[in-house]
2 protein chains.
Amino acid sequence: MDDILFTEEFKTNPDKYVLPSVAINNVIFGFDDNKVKVLLLRTAYAELWTLPGGFVLKEDELITAAERLLKLFTGLDSVYLKHFGVFGAVNRAEKERELFLNDQRQDNQLNYNFFLQRFVVLGYLALVQYKQVSPLSDDVRQCEWFDLESVPELTFDHNLIIETAFRELRFQLNYLPIGFNLLPEEFPLKSLQKIYETILGKKLDRGNFNRKILSYGILEKKEKYFSGAANKAPFMYSFNKEQYFNALENGLGAF
Amino acid sequence: MDDILFTEEFKTNPDKYVLPSVAINNVIFGFDDNKVKVLLLRTAYAELWTLPGGFVLKEDELITAAERLLKLFTGLDSVYLKHFGVFGAVNRAEKERELFLNDQRQDNQLNYNFFLQRFVVLGYLALVQYKQVSPLSDDVRQCEWFDLESVPELTFDHNLIIETAFRELRFQLNYLPIGFNLLPEEFPLKSLQKIYETILGKKLDRGNFNRKILSYGILEKKEKYFSGAANKAPFMYSFNKEQYFNALENGLGAF
DNA sequence: ACAAAAGTGTTTTCGATACACCCATGA
DNA sequence: TCATGGGTGTATCGAAAACACTTTTGT
């Protein structure tokens with residue numbers, strides 16, 4: 001169903017398949033090596049990297065469309081996914097319009113005709129477990145993780161979209177299942193602390209963080225983890241899913 | 001420009017004028033008589049009240065379209081206006097589809113054809129000063145204020161849209177220019193307190209509220225206001241605009 | 001004098017912060 | 001035994017909450 005996207009039939013007659021002038025882009029956040037990561041996409045048709053995205057099929061709910069796309073690019077379903085903004089500036093395809101004028105390849109004309117339309121982009125924010133993702137890779141599309149701090153210049157207004165998504169992430173920090181969705185099943189408290197620190201952009205006190213996060217009663221203590229390093233082995237924890245989502249309703253205390 | 005909306009030309013050929021399948025609805029909040037108010041609209045073509053809204057002209061920025069509509073319905077510009085959600089459920093016109101089947105009036109067919117399409121609605125939230133609004137009233141459309149608690153059944157999914165907007169209002173309370181946009185130029189502290197109380201749905205302590213709100217340094221003390229009532233006359237206050245918006249950047253302390 | 005509402009002060013409690021100290025681990 | 005990082009305790013500070021007392025106003 002998604003493979004129709006790159007056919008001539010679709011691009012000459014898109015309104016038969018999808019809602020006209022509406023597009024979706026997913027900002028997919030992961031966490032690895034103490035860094036926030038974003039999943040980006042490159043196609044054979046464009047020089048610049050771009051946000052993974054697509055369109056809303058006639059019979060799709062909006063969230064279903066976003067989920068379908070997330071699955072396509074990461075292999076995952078049932079992760080945290082949420083609308084966070086719309087992007088429909090009149091001039092958001094400016095960059096692409098210039099590229100079009102310079103592009104000599106005739107076989108790209110159809111692409112330009114289609115993508116230079118004005119779209120209203122619905123931004124969806126996803127939180128995923130880095131290790132579980134299988135980035136899409138086929139003959140025309142490759143997905144790859146980027147550090148949030150070193151995202152290159154992207155197509156359209158996608159840099160702005162990522163900035164907006166990250167601001168939303170920071171703003172809603174205490175209402176989002178940050179840890180649950182970004183971390184593996186079991187993890188040491190330090191990992192969770194690192195996530196909060198990188199999203200907030202500041203250091204937190206270890207002792208205070210541990211006491212506070214444990215006081216919510218959303219974590220279950222597991223076995224110690226012996227890493228082989230010359231230091232005390234940390235306890236591992238996992239989320240008590242039910243209590244976690246209960247607590248999130250009212251937001252965790254401010255960090 | 002907005003008057004084309006109700007012409008046959010527009011409804012048979014809308015794609016010439018507006019972005020297809022995209023609509024805008026404004027949830028316009030006011031405050032009067034210690035109650036949160038919402039501005040609703042009724043047209044000659046429908047039984048149910050509805051949210052004021054419209055479409056995005058080809059040359060409109062999204063926010064410009066929302067501003068244009070707000071101006072149309074209230075007479076105001078440059079008030080607080082912000083996107084807060086999208087609504088595009090496949091079945092969101094269910095109710096209208098049934099009405100269509102029961103509607104005998106032939107001259108309404110064009111309306112149904114147009115409005116029964118699937119739209120992706122961009123929700124915009126506005127905060128306005130109740131007294132400054134001149135609700136639109138012409139031969140086909142009347143706007144009227146409703147208490148938030150007694151909003152009737154509305155067209156489409158508009159009840160859901162209002163609920164979502166109000167939840168957003170509560171959630172972002174400390175980051176929104178609540179008082180500045182909802183209150184007149186000068187006001188007693190009690191009015192501001194009432195706004196917070198009704199939005200939060202709980203009583204606040206008068207003393208604590210006054211001390212806290214004054215501690216932010218965003219209010220300027222004005223003359224006393226003698227209402228004629230048999231009690232102490234309260235001081236009036238007005239916002240120091242610059243300091244207010246500065247303080248909002250980081251959010252006011254939690255209420 | 002009294003009722004009603006504004007304005008101000010006080011006490012208590014709780015959580016945030018900073019920091020110190022001890023413990024476990026492998027080299 | 002040392003370095004490293006985990007775990008825990010404690011003192012301090014400030015904000016939040018509860019509530020009492022005083023002041024102003026018109027009847």
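Every value quoted in this text rests on a predicted model; they were computed, and no experiment measured them. Below, all heavy atoms of this structure are taken into account, side chains as well, without hydrogens, waters or symmetry copies. So you know, we letter chains A, B, ... as the sequences are listed, proteins then strands, and number each from 1.
For Asn231(A), the side-chain atoms get nearest to dG5(D) when compared with the rest of dG5(D), dG7(D), dA5(C). Closest to the Arg206(A) side chain, of the nucleotides dA6(C), dG7(C), dG6(D), is dG6(D).
Between Phe226(B) atom CZ and dA5(C) atom P there is a gap of 17 Å when expressed in whole angstrom units. Taking atom NZ of residue Lys222(B) and atom P of nucleotide dA6(C), one finds them 20 Å apart after rounding to whole Å. Between the CG atom of Leu214(B) and the P atom of dA6(C) there is a distance of 14 Å, given to the nearest Å. Atom CG in Leu189(B) sits roughly 9 Å away from atom P in dA6(C) (whole-Å rounding). Atom CG of Asn174(A) is separated from atom P of dA16(C) by 11 Å (rounded to the nearest Å). If you measure from atom NZ of Lys232(A) to atom P of dT8(D), you get 7 Å, rounded to the nearest angstrom. To the nearest angstrom, P of dA20(D) lies 11 Å from CG of Asp205(B). Going from atom CZ of Phe255(A) over to atom C1' of dT17(C) covers 14 Å, rounded to whole Å.
Across the interface with DNA chain D, nearest-nucleotide mapping of Ala229(B) and Met236(A) shows Met236(A) to be the residue nearer the 5′ end. For the pair Gly207(A) and Pro188(B), nearest-nucleotide mapping onto DNA chain C gives the more 5' position to Pro188(B). If you find the closest nucleotide of DNA chain C to Ala230(B) and to Pro234(B), the one lying nearer the 5' end belongs to Ala230(B).
Checked for salt-bridge contact, Glu47(B) and Arg42(B) miss the test: no charged N lies under 4.0 Å from a carboxylate O.
Under the 30°/60° scheme for interplanar angles, the aromatic rings of Trp49(B) and Phe146(B) are found to stand perpendicular.
Between Tyr244(A) and Phe239(A), a ring centre-to-centre spacing shorter than 6.0 Å is recorded. Tyr124(B) has its ring centre no less than 6.0 Å from the ring centre of Phe84(B). Remark: aromatic rings of Phe245(A) and Phe180(A) are close, center separation under 6.0 Å.
Checking the phosphate oxygens (OP1, OP2) of dG5(D), no side-chain nitrogen or oxygen of Lys190(A) falls inside 4.0 Å. For the OP1/OP2 pair of dG6(D) and a distance below 4.0 Å, the side-chain nitrogens and oxygens of Lys224(A) include no atom meeting the criterion. Residue Lys212(B) has no polar side-chain atom (N or O) positioned under 4.0 Å from OP1 or OP2 of dA15(D).
A donor N or O paired with an acceptor N or O is found under 3.5 Å between the base of dG9(D) and the side-chain atoms of Arg211(A). Side-chain N/O atoms of Asn208(B) and base N/O atoms of dA18(D) include a donor-acceptor pair closer than 3.5 Å.
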